[in-house]
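What follows is one structure encoded as structure tokens, with my remarks underneath.
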Amino acid sequence: MGEMEQLRKEAESLKDQITAARKAVADATLPDTVSSTAVVGRVQLKTRKTLRGHLAKIYAMHWATDAKLCVSASQDGKLIVWDTLTTNKVNAIPLKSSWVMTCAYAPSGNMVACGGLDNMCSIYNLKGKDGNVKVMRELAAHTGYLSCCRFLSDSEIITSSGDCTCLLWDIETGTQKTTFAGHLGDCMSLAVPGDFKTFVSGACDFTAKLWDIRDSNCTHTFSGHESDVNAIAFFPNGNAVITGSDDATCKLFDLRSDQELITYQDSSIMCGVTSIAPSLSGRLILAGYDDFNVNIWDSLKAERVGVLAGHDNRVSCIGVSTDGMACCTGSWDSFLPSFSFKGQDNVMRLCKQNKQQYL
Amino acid sequence: MNLKNNVRLRHTENLLSSCFREIDENIEDIIMRIQDETEGVPVRTVKSFLSKIPSVVTGADIVQWLMKNLSIDDPAEAIHIGSLIAAQGYIFPISDHVLTLKDDGTFYRFQAPFFWPSNCWEPENTDYAIYLCKRTMQNKTRLELADYEAENLARLQRAFARKWEFIFMQAEAQVKIDRKKDKTERKILDSQERAFWDVHRPVPGCVNITEMDIRKCRRMKNPQKVKKSVYGVADETQSQSPVHAPAPRCRKDTKDDMEKEVSFLKTQLDRHCMKMSKVAETLMSYTEQYLDYDPFLTMPEPSNPWMSDDPTFWELEASKDPSQQRVRKWGFSLEEALKDPAGQEQFLRFLESEFSSENLRFWLAVQDLKRRPLQEVPDRAQEIWQEFLAEGAPSSINLDSHSYERTSQNLKDPGRYSFEDAQDHIYKLMKNDSYTRFLRSNAYQDLLLARKKLETDQGRRTSLEKFTRSVGKSLSGKRLTGLMQSS
């Protein structure tokens, strides 16, 4: 096994060189560089709308690109498309499997997708001829649960799975086009940047990976987290990635310096991060936690500048609309059907900025 | 006690299932020790009115023991740790549904190992229904249902209307079994059972800490051993818990894997790493640039539709007549300009005036190609080749020979990314050349500075022409008024 030994030694040596190279460019820390930037000040968001209708835990939500519609998935076996302004349900789509964990809205607004413990990604056509929403495709190939999915267009979708891989599908033919393998643990979430040429995935192997969609290669691996990476998103400039983990921290990784820039943590926060989303400029990072709060971080100064504490259970998903106007959070609730808990059922809350209100 | 766990435990009211997974073992070690006959707290039977309260210990005793045996100086910390233990259901107050630890004479009891959380309990609603039902069958004040429990029972009756007879029978059977037990033992078991349900069906206002993310369930300690039924009843309405599929097996690294890893590491090493200071600066300038456009930081004009219920902002954003703020954004990057339909149109018009619009049209065509259904791709790709790249193409674009060769090769087996190289090249060209001129152009500057639009659209006018026109206008105006006054 002399060859294996040699390869292992080579890998080790390369890793050392990479660490050294990263150290060499670490000539400053983010907080030092931004010390001259103006402070953001306390950010207070107020609940504007509450979307009621789900009867069990809400696991995921995703905004449509028009910044007014959104879709949510709940373990009551329904996918609901909401008009967030009126809080009306535009569509309530019954699912074959109630163990749904993710949902996505196509950029065109023509389709939604969802999946979960059925290991499949189901695509629904919202603009069918007779007005009924029907399953268009069932993408089956994963050998583990579907943790996340994101449309590239009406023709292609990327999925991440508990089988440790991500797949690129052609929706029309219902076939998988590319496999992205490399993670050593369940893939928990994925995010696609504005140019749709790459995507990032976070997994239970404590890392985040950047993939080139075209040639299926993993171009970057970011480590540093001490537990599962549950949530991941691109920084709006497309050159950095933010992650949320069970280790109670969020991190900012930069693609060009190939390393972690900063960690968002506080000794009083000891529960996992479930979801994460940047504000439009990236200056604010909103993160949902297991302790039912959403913490708002100043991304540059790594300070907490706000808290959304309106939920009665774990915040499972969070999304900022494409125009940056509103953020929507979804959460869990008790087991019993229609069990009221301080007057709130499984709710999704939309929060916008309110400068006038002070607590 | 593990210091890391110690830090974790110092937390607020909301109890965390993630903690529960991590420190389970430690809690049970503590629980075993605290109940130990010689080293633990004194568990005794207390006389009360006409009856005896068996097997209890005071909250104060527990706090004392924790402080002494876990080397805790601060009683508040001991209370916190004790409360976490209580929240998991390992100890419980005999006269309350709320599972916290108090440092006083309140009586507590230890939970039976059968009900310990480490058995991976996921009790079903049918069991909860049986439990509530049987409590109503026994005529004991201590078993009377609390308001919220009565409410729950009513709800469950509605939910399980069709199988209520079955549930009722099960409850009766349980009552029969219970009656056979010793009175004192019965008291203890009843309280332990109630404490179990206090954990899994908590009092309103309390958090259900047992909820676990089903995605993480597989990596629980004993994934196969999930206990679902307290009373030996299976619930058919709930589908088979699919969470406990066997975890994927870990493969040993093969030579292939190692080679892949080495090659990946080499690419990483070769990649140019940007200095952190530079990266930090770019992040800073990006966020500053977009500060005015971030509704969470800057109030949008005329108002935030979510706050004012006035959709004017959205109407303005969508209008073909862009505001100055929108136009300013086009100057941030070519990407921003193209994202805005009005910006794209303006840029296209500008390119037309420079006779280089084929570049943008090519770029847009390729973007569209990438979104087309697969079966349309080959034909569309050929069309694009004919229009922009073939010999004598009507909208011939200027590609370097290398990209041209690559693209030509790709077209032999056309796919969505056949024009990727060409597209990248053309994009760079537009970005570095045309785009910068666009930003300096009159057309753009007029929009940016909200100058009055020219009446006709006959292309660019020279500044001299503009000057002469405006002077002429003002002169003729003066002449007219002069005429009028004199008459």
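Note that these values count all heavy atoms, side chains included, but never hydrogens, waters or copies made by symmetry. Below, chain A is the first sequence line, B the second, and so on; all start at residue 1. None of the values given here were measured: they were computed from a predicted structure.
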[X] versus chain A, the contacting section by heavy-atom distance below 4.5 Å:
X        : result
B:Tyr293 : both
B:Gln289 : neither
B:Lys266 : both
B:Thr282 : side chain
B:Lys339 : neither
B:Asp309 : side chain
B:Gln367 : neither
B:Glu281 : both

Side-chain touch [X]/[Y], heavy atoms, less than 4.5 angstrom:
X        : Y        : answer
A:Asn217 : B:Phe264 : no
A:Asp323 : B:Trp314 : yes
A:Asn237 : B:Tyr290 : no
B:Lys370 : A:Phe196 : no
B:Met276 : A:Thr29  : no

Around atom [atom1] of [X], are there more than 12 heavy atoms of other residues, nucleotides or ligands at under 6.0 Å?
X        : atom1 : value
B:Glu259 : CD    : yes
B:Asp147 : CG    : no
B:Glu376 : CD    : yes

If you round to the nearest 0.5 Å, how far is [atom2] of [Y] from [atom1] of [X]?
X        : Y        : atom1 : atom2 : result
B:Leu291 : A:Ser281 : CG    : OG    : 6.0 Å
B:Arg371 : A:Asp154 : CZ    : CG    : 9.5 Å
B:Asp424 : A:Lys197 : CG    : NZ    : 4.0 Å
B:Leu374 : A:Glu172 : CG    : CD    : 8.5 Å
B:Leu283 : A:Leu261 : CG    : CG    : 6.0 Å
A:Glu156 : B:Arg372 : CD    : CZ    : 14.0 Å

Main chain of [Y], side chain of [X]: is a donor-acceptor contact present, judged purely on distance under 3.5 Å?
X        : Y        : result
A:Ser257 : B:Lys275 : no
A:Arg283 : B:Tyr286 : no
A:Asp27  : B:Ser277 : yes

Query raised in the report: Does a side-chain N-to-carboxylate-O contact under 4.0 Å join B:Lys278 and A:Asp254?
Result: no

Of the backbone (N, CA, C, O) and the side chain (C-beta and beyond), which part of [X] lies under 4.5 Å from a heavy atom of chain B, both, or neither?
X        : value
A:Val40  : side chain
A:Leu300 : side chain
A:Leu286 : side chain
A:Glu260 : backbone
A:Thr219 : both

Heavy atoms only: give me the nearest [X]-[Y] pair and the separation to one decimal.
X        : Y        : answer
B:Gln268 : A:Thr221 : NE2-N, 3.9 Å
A:Ala67  : B:Trp306 : O-CZ2, 4.3 Å
A:Leu14  : B:Val262 : CD1-O, 3.7 Å
A:Ala11  : B:Leu265 : O-CD1, 3.5 Å

Name the option with the most non-hydrogen atom pairs under 4.5 Å to chain B; the candidates are [options].
options                              : result
A:Leu85, A:Leu284, A:Thr33           : A:Leu85
A:Ala28, A:Gly306, A:Gly324          : A:Gly324
A:Ser147, A:Pro236, A:Ala21          : A:Pro236
A:Leu30, A:Asp32, A:Asp170, A:Asn230 : A:Asp170
A:Ile262, A:Thr274, A:Val34          : A:Val34

Query raised in the report: Can you list the residues that meet the side chain to side chain contact (heavy atoms under 4.5 Å, CB included) rule with B:Glu317, with sequence neighbours excluded?
Result: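 Checked B:Glu317 against side chain to side chain contact (heavy atoms under 4.5 Å, CB included); matches are B:Phe313, B:Arg326.
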
**Report entry** Partner set under ring-ring contact (aromatic ring centres under 6.0 Å, His included) for A:Tyr289, not counting sequence neighbours
**Finding:**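 So A:Tyr289 forms no ring-ring contact (aromatic ring centres under 6.0 Å, His included) with any residue.
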
